[in-house]
Structure formats: C-alpha cells, structure tokens
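Beneath this line is the structure, given in structure tokens, with notes to follow.
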Amino acid sequence: MPISTITQPQVAPLLKPRTTDSHKGMFGSVWVIGGGSGMVGAALLAGRAALKMGAGCVHIGLLASDAPSVDFVQPELMLHRIEQGLPAVGDVLAIGCGMGVSAHAQRLLHDALWLDAPLVLDADALNLIAAHTDLATLLRERTAATVLTPHPGEAAHLLACRTADIQSDRPAAARRLAEKFRCTVALKGATSLVSSEDGTLYQNTTGNPGMSAPGMGDVLAGMIAAFLAQGVATTDAAKLAVYLHGAAGDALAEFGVKLGMTASELTDSARHVLNQWQTK
Ligand SMILES: NC(=O)C1=CN([C@@H]2O[C@H](COP(=O)(O)OP(=O)(O)OC[C@H]3O[C@@H](n4cnc5c(N)ncnc54)[C@H](OP(=O)(O)O)[C@@H]3O)[C@@H](O)[C@H]2O)[C@@H](O)CC1
Ligand SMILES: Nc1ncnc2c1ncn2[C@@H]1O[C@H](COP(=O)(O)OP(=O)(O)O)[C@@H](O)[C@H]1O
C-alpha cells in the first residue's frame with residue numbers, strides 16, 4: 001500500500017480560524033492524567049502544550065503524592081492530585097505521560113478505557129496495555145476515538161517484539177498496531193508515521209535530531225488532545241500535530257537551536273508556526 005507524505009497545505013486548514021464572537025467554551029476541555037513521582041513534568045508539558053494549541057480549558061490530574069497544586073509557570077492550568085478514582089474528565093483525555101505503571105495507574109487507565117470520550121494514550125498507558133491483556137481487550141472494544149502515540153520502544157512492547165524489529169519495518173509496525181488495537185497510531189521517531197484505524201499510512205518529513213530530547217513526546221500528546229478537543233477528526237488531529245510538532249522543531253533549528261532544544265521551547269515554537277498558518 002502506498003504511503004502518502006503529510007504536507008502543510010493538507011493540515012494547515014484543519015483548524016479553522018476563530019469567529020469574532022467565539023468564547024472558550026467552543027474549544028473544548030482537555031484533561032491530562034499522568035505525572036507520577038518524579039515525572040510530574042511530563043504531564044505539565046502535555047497540559048501546557050494543549051493550552052498553547054488552543055484548547056478551551058486544561059486540567060491536569062497528577063498521581064504523585066507530592067504533586068503541586070498550581071503550575072506557577074502556566075497558572076492557567078488547573079491542577080488536581082488524583083488520590084483515588086478517575087475524575088469526571090472533559091471532552092478529551094490524554095493519559096500516560098509520566099504516569100508510571102503502579103496499580104493506581106492501572107486502575108485509572110482501566111476506567112479511562114471505558115469512557116465514551118476521545119483518548120490519547122501515551123507512554124506508560126501504552127506500557128500498561130502491553131502488560132495487561134484485560135486493558136488491551138478494553139482498548140480494542142472501544143468505540144470512541146483513540147490515538148496511540150508510541151515511540152519505537154513502546155511499539156515493541158505493544159507488539160511483543162524488539163525495538164529493532166519495529167525499526168526494520170516501521171510502516172508494517174504502524175499498520176499492525178492500528179489494526180490490532182483498532183485505533184489511530186502515531187509511531188514516533190525520525191520520519192514519524194501515522195496510521196488510521198484501517199491501516200492507511202501517512203509519513204511525516206518535518207522534524208530533526210535536535211528533537212531527540214526529553215518531553216518532546218509529552219508535548220505531542222498534548223497537541224493531539226487539543227486538536228481533538230477543537231473538533232478535528234481523529235486521524236487528521238494526529239497528522240496535524242505530528243507535522244506541526246516537527247515544523248516547530250525545524251523553525252527552532254533554523255534559529256540555531258539544535259543541540260539543547262527543549263520541549264518547552266518547542267511548544268512555544270509550535271504556537272508561533274500555527275498562528276502563522278492561521279494568518280495566511
Ligand atoms: N520531565 C519528565 O517528567 C519526563 C518524563 N518522561 C516519562 O518517562 C517515562 C519513561 O519514558 P521514556 O520514553 O523516557 O523511557 P522508555 O519508555 O524506557 O523508552 C526508552 C527506550 O525506548 C526506545 N526508544 C525510544 N525512542 C526511540 C527511537 N526514536 N528510536 C529507537 N528506539 C527508541 C529505546 O529502546 P532500546 O533501543 O533501548 O530497546 C529506549 O531505550 C514515561 O512515563 C515518560 O512519559 C519522559 O517523557 C521524559 C520527560
Ligand atoms: N531525530 C528526530 N527527527 C525527528 N523527530 C524526532 C527525532 N527525535 C525525536 N523526534 C520526535 O520527538 C518526539 C520524542 O518523543 P518520545 O520518544 O516519546 O520522548 P519523551 O518520552 O521524552 O517525551 C517524537 O515525536 C519524535 O518523533
């Protein structure tokens with residue numbers, strides 16, 4: 001099956017310019033659940049990215065016992081410590097960033113998979129699904145939109161193979177994941193691939209090695225969630241986010257920010273690129 005390349009003219013119009021009488025209620029609410037002990041930053045990065053991609057409101061549910069109650073860098077975010085069950089999440093839930101694989105994380109993911117709301121599953125949510133067949137079954141049986149965002153290591157866990165096997169035939173891996181779990185899949189890495197549920201493949205050519213830095217995947221998960229919350233269709237949201245994420249990295253590289261690029265800088269760059277597209 002041919003693989004089409006994602007282009008700016010395809011993805012830039014997917015997010016419509018705002019009307020003059022718009023209000024925040026029109027742009028959806030995103031919840032991010034993750035941030036276990038020592039990895040609160042992953043959930044903050046995802047939540048900040050969702051906010052800066054235009055989501056109407058963003059809540060972050062943190063598992064860490066020492067979770068902060070406010071993000072002083074981005075006080076627009078609403079932070080919650082999740083001690084027990086899944087809260088009433090909004091329009092879209094991104095779950096897994098820095099979440100860990102504790103029994104608590106496993107229970108939260110179990111309940112999330114039952115939700116009739118779009119989900120973005122990243123990082124430890126993927127590792128948990130790889131490790132627990134009941135979660136994998138729930139995922140396959142979901143009817144609401146789901147996007148999986150594995151890096152090659154996570155993809156290998158999900159397909160019970162080695163990272164090298166994934167890398168040796170990335171298109172086959174992306175398609176197998178989409179068909180196995182009946183989801184849209186963004187298989188990350190240099191030249192990320194997006195597969196729709198039916199196995200249609202799209203390759204992304206934006207991005208550069210400066211992006212091989214911690215937290216970049218957390219930002220991508222937040223971006224996809226924000227676009228879903230704003231009404232972009234599932235596979236389109238993944239394509240838009242993957243292309244824009246790479247383009248934001250390329251814009252930073254053009255300014256000489258290569259080695260030492262940070263995920264926070266990439267988020268701001270993505271906002272800049274997105275706004276440039278909207279004014280053209
Ligand atoms: N600030 C924070 O709080 C942050 C927290 N974070 C959180 O940390 C948690 C652990 O997530 P993580 O991805 O760092 O580790 P992990 O799942 O063991 O995978 C690493 C292994 O995967 C592979 N691999 C990955 N990419 C590859 C590629 N392109 N190409 C090829 N292989 C690739 C490679 O495997 P190998 O080649 O060794 O088999 C590599 O050794 C998670 O919850 C995350 O959200 C992070 O987001 C960072 C910021
Ligand atoms: N060499 C590269 N070229 C293009 N994109 C890259 C490169 N290295 C990393 N990326 C992108 O950065 C992100 C890294 O995500 P991930 O591995 O999940 O990191 P983390 O877990 O630290 O957030 C992915 O979207 C990936 O496509």
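For ligands, and for the atoms within them, numbers begin at 1 and follow the listed sequence.
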- Task: Kindly confirm or rule out an N or O of Asp218 lying under 3.5 angstrom from an N or O of ligand 1.
- Result: yes

- Task: Would you mind checking which non-hydrogen protein atom is closest to atom 18 (O) of ligand 2, with the distance to 0.1 Å?
- Result: Lys188 NZ, 2.7 Å

- Message: Quick test of your reading of the structure: of Gln167, Met39, Arg170, whose heavy atom lies closest to atom 31 (C) of ligand 1?
- Response: Gln167

- Do we get Arg176 above Phe181's six-membered ring, with its NZ or CZ under 6.0 Å from the centre and within 45° of the axis? no

- Message: Could you check whether atom 17 (O) of ligand 1 has a protein contact, counting only heavy atoms that fall below 4.0 angstrom?
- Response: yes

- Counting from 1, what ligand 2 atoms have a heavy atom of Pro214 closer than 4.0 Å? 22 (O)

- Message: Minimum distance, heavy atoms only, to atom 5 (N) of ligand 2: which one of Gly189, Cys97, Pro152 is it?
- Response: Gly189

- Query: Between Trp31 and His80, does the ring centroid distance fall short of 6.0 Å?
  - Reply: yes

- Item | Heteroatom distance test (Gly217, ligand 2): nitrogen or oxygen, under 3.5 angstrom | yes

- Relative to the heavy atoms of Cys97, which atoms of ligand 1 are at a distance of less than 4.0 Å? 45 (O)

- Query: In this structure, are over 12 heavy atoms from other groups packed under 6.0 Å from Asp116 atom CG?
  - Reply: no

- How far does CG of Leu15 sit from CG of Asp236, to the nearest 0.5 angstrom? 11.5 Å

- Message: Using a 4.0 Å cutoff against the non-hydrogen atoms of Asp124, which atoms of ligand 1 qualify?
- Response: 42 (C), 43 (O)

- Item | Contact check: Gly98 vs ligand 1, nitrogen or oxygen atoms, below 3.5 angstrom | yes

- Query: With a 4.0 Å heavy-atom cut-off (strictly under), which part of Ser212 contacts ligand 2: side chain, backbone, both or neither?
  - Reply: both

- Item | Under-4.0 Å protein heavy-atom contact, atom 21 (O) of ligand 2 | no

- Among the heavy atoms of Gly246, does any lie under 4.0 Å from an atom of ligand 2? no

- Which atom pair, heavy atoms only, marks the closest approach of Arg81 to Leu63? NE-O, 4.2 Å

- In terms of residue, atom name and distance, what is the protein heavy atom nearest to atom 9 (C) of ligand 2? Met211 O, 3.4 Å

- Query: Counting both backbone and side chain atoms, is some N or O of Leu220 under 3.5 Å from an N or O of ligand 2?
  - Reply: no

- Shortest protein contact, atom 1 (N) of ligand 2 (heavy atom only): Pro209 CA, 3.3 Å

- Note on the structure: Gly153 heavy atoms within 4.0 Å reach ligand 1 at atoms 22 (O), 23 (C), 24 (N)

- Distance-only N or O hit between ligand 2 and Ser192, under 3.5 Å: yes

- Heavy atom of the protein closest to atom 4 (C) of ligand 2 (residue, atom name, distance): Asn208 N, 3.5 Å

- Report the nearest protein non-hydrogen atom to atom 25 (O) of ligand 2: residue, atom name, distance rounded to 0.1 Å. His245 CE1, 3.3 Å

- In terms of side-chain geometry, is the basic nitrogen of Asp122 or Lys188 positioned less than 4.0 Å from the acidic oxygen of its partner? yes

- Output for pair (Gln106 CD, Leu135 CG), nearest 0.5 Å, gives 5.5 Å

- Item | For atom 39 (O) of ligand 1, the protein heavy atom that lies nearest, with its residue and separation | Thr163 OG1, 2.9 Å

- Top protein contact for atom 13 (C) of ligand 2, by heavy-atom distance: Met216 CB, 3.5 Å

- Message: Tell me whether atom 34 (C) of ligand 1 lies less than 4.0 Å from at least one protein heavy-atom position.
- Response: no

- Message: If you measure every N or O of His151 against every N or O of ligand 1, does any of those distances drop under 3.5 Å?
- Response: yes

- Message: Taking distance alone, with N or O pairs closer than 3.5 Å, would you say Thr206 contacts ligand 2?
- Response: no

- Query: Between Gln10 and Thr5, what is the shortest heavy-atom contact and its length?
  - Reply: NE2-O, 3.5 Å

- Query: Can you tell me which residue and heavy atom of the protein come closest to atom 4 (C) of ligand 1, and the distance to 0.1 Å?
  - Reply: Ala42 CB, 3.9 Å

- Check: of Ser212, Pro152, Ala164, min heavy-atom distance to atom 27 (C) of ligand 1 comes from Pro152

